[in-house]
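These values consider heavy atoms only, across backbone and side chains, with no hydrogens, waters or symmetry-generated copies. Ligands are counted one by one from 1 in listed order, and the atoms in each one are counted from 1 as well.
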Amino acid sequence: MLTLMALIARAFSSMSNEGPRPLVICGPSGSGKSTLLKKLFEEFPDTFGFSISHTTRNPRPGEQHGIHYHFVTRQEMHDSISNGEFIETACFSGNLYGTSIQAVRTVQSQGKVCVLDIEIQGVEQIRNSNLNPILIFNNPPSIEELERRLRGRNTETEESLQKRLDTARREIEYGRTPGNFHTIIHNDDIERAYRELKKFILQELEEQQRNGIALNLRQINSSEIN
Ligand code: ADP
Ligand code: 5GP
């Protein structure tokens, strides 16, 4: 019986590290990750692709199986983990989440930059992997504002909201620790945060292009990166 770590190590050794570096966006629940990514995917539909995670949590109104997540049972998730199908997994707010090898491959096979929206246990698992990810932390202005956003989103029960806020305190500390991320986006104003994110990502991609990595990226106006 292989241990979880051995399964994950095996999964990594079968991943390609050629092509553009995947982008990882991490930040407390409610900090605005999905909102930022929606803007990015709308503006650059041919450049970026979302890594569709598995989760055992229930879908929210409007969330679709196979688009926002693969919604699975605990048993299905455990079976897939045992089969070595995941690059990383985590337990968050009482539910399991994970990035499958297939999720990343699907995006990479379309010639797109793979974007992962994952929490910090996942970041720790892939930080030094041969995926060689670019790590971005989405930092909310305060816990109070996070609570306001989460309540406004109207997706959580009081219990899950409190669990998410408890976790958020640890995540913010981790996110703000120097060396844990390549950049921190200060997400107070969404338009400003998006400009910051876009600038950072485009600069990274330009550097990769200079190093010979092929990217499906439109001509970038210098005002977008300076
Ligand atoms: P996450 O994906 O990090 O859990 P969301 O993108 O779902 O967070 O955002 C949580 C809620 O906060 C949503 O209702 C969203 O519209 C709102 N929101 C996101 N970013 C901001 C922002 N910078 N200022 C105010 N509200 C925001
Ligand atoms: P939500 O339930 O709000 O969609 O996501 C809760 C948390 O799980 C968020 O911090 C999100 O980034 C994280 N998450 C989503 N998918 C994955 C995944 O595949 N792996 C890990 N480690 N975290 C994930």
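At least one heavy atom of Ser29 lies less than 4.0 angstrom from ligand 1. Ligand 1 lies nowhere less than 4.0 angstrom from a heavy atom belonging to Gly152. Using a non-hydrogen distance threshold of 4.0 Å, Gly30 registers as a contact of ligand 1. Asp188 counts as a contact of ligand 1, since one of its heavy atoms falls under 4.0 Å from the ligand.
With ring centers used as reference points, His54 lies under 6.0 Å from Phe86.
Glu119 N, 3.7 Å is the protein heavy atom nearest to atom 13 (C) of ligand 2. Remark: minimum distance from atom 24 (C) of ligand 2 to any protein heavy atom is reached at Ile118 CA, 3.6 Å. Regarding atom 8 (O) of ligand 1, its nearest protein heavy-atom neighbour is Gly32 N, 3.1 Å. Considering only non-hydrogen protein atoms, atom 2 (O) of ligand 1 sits nearest to Ser34 OG, 2.6 Å. Here the heavy atom of the protein found nearest to atom 12 (O) of ligand 1 is Arg149 CB, 3.4 Å. What sits closest to atom 14 (N) of ligand 2 on the protein, heavy atoms only, is Asp117 O, 3.5 Å. Of the protein's non-hydrogen atoms, Arg153 NH1, 2.9 Å is the one closest to atom 7 (O) of ligand 1. Looking only at protein heavy atoms, the nearest one to atom 20 (N) of ligand 2 is Glu88 OE2, 2.7 Å. For atom 5 (O) of ligand 2, the nearest non-hydrogen atom of the protein is Tyr69 OH, 3.3 Å. Nearest protein neighbour of atom 6 (O) of ligand 1, counting heavy atoms only, is Thr35 OG1, 2.5 Å. Closest protein heavy atom to atom 23 (N) of ligand 1: Asn187 OD1, 2.8 Å.
Seen from the ring of Phe48, Lys112 does not count as a face-on cation partner, given the 6.0 Å and 45° thresholds.
Here atom 2 (O) of ligand 2 lies nearest to Tyr97 when heavy atoms of Tyr97, Phe92, Phe86 are compared.
Side-chain contact annotation: Gln110 with Gln108, donor-acceptor N/O pair under 3.5 Å absent. Using modelled atom types and a 3.5 Å distance limit, the side chains of Gln64 and Tyr69 yield no donor-acceptor pair. Side chains of Ser31 and Asn138: a donor on one and an acceptor on the other come within 3.5 Å. Side-chain contact of Ser100 with Glu85: a donor-acceptor pair under 3.5 Å is absent, judged by distance alone. With 3.5 Å as the limit, one finds a donor-acceptor pair spanning the side chains of Thr155 and Arg153. If you check the side chains of Gln208 and Glu204, you find no donor sitting under 3.5 Å from an acceptor.
An N or O contact shorter than 3.5 Å links Gly98 to ligand 2 by distance. The N/O atoms of Ser31, backbone and side chain alike, include one that comes under 3.5 Å of an N/O atom in ligand 1. No N or O atom of Arg153 sits closer than 3.5 Å to an N or O atom of ligand 2. The shortest N/O to N/O separation between His54 and ligand 2 does not fall below 3.5 Å. The distance criterion of under 3.5 Å between nitrogen or oxygen atoms is met by Ser53 with respect to ligand 2.
Numbered from 1 in the order shown, with element, the atoms of ligand 1 that lie under 4.0 Å from a heavy atom of Lys33 read 1 (P), 2 (O), 3 (O), 4 (O), 6 (O), 8 (O). The atoms of ligand 2 that sit less than 4.0 Å from any heavy atom of Gly122 are 22 (N). Every atom of ligand 2 with a heavy atom of Arg57 under 4.0 Å away is listed here by number and element: 1 (P), 2 (O), 4 (O).
Neither the backbone nor the side chain of Gln125 comes within 4.0 Å of ligand 2, counting heavy atoms alone. Only the backbone of Pro28 comes within contact range of ligand 1, with a heavy atom under 4.0 Å; no side-chain atom does.
For Arg21 and Glu207, the salt-bridge test fails: no basic side-chain N is under 4.0 Å from an acidic carboxylate O. Checked for salt-bridge contact, Arg195 and Glu191 miss the test: no charged N lies under 4.0 Å from a carboxylate O. Note on Glu224 versus Lys198: salt bridge recorded, some NZ/NE/NH1/NH2 to OD/OE distance being below 4.0 Å.
Classification of the His70-His65 ring pair by plane angle, with boundaries at 30° and 60°, yields perpendicular.
Shown here is Glu173, whose CD atom has no more than 12 heavy atoms of other residues, nucleotides or ligands within 6.0 Å.
When side chains are defined from C-beta on, Asn139 counts as touching Arg176, because their heavy atoms get closer than 4.5 Å.
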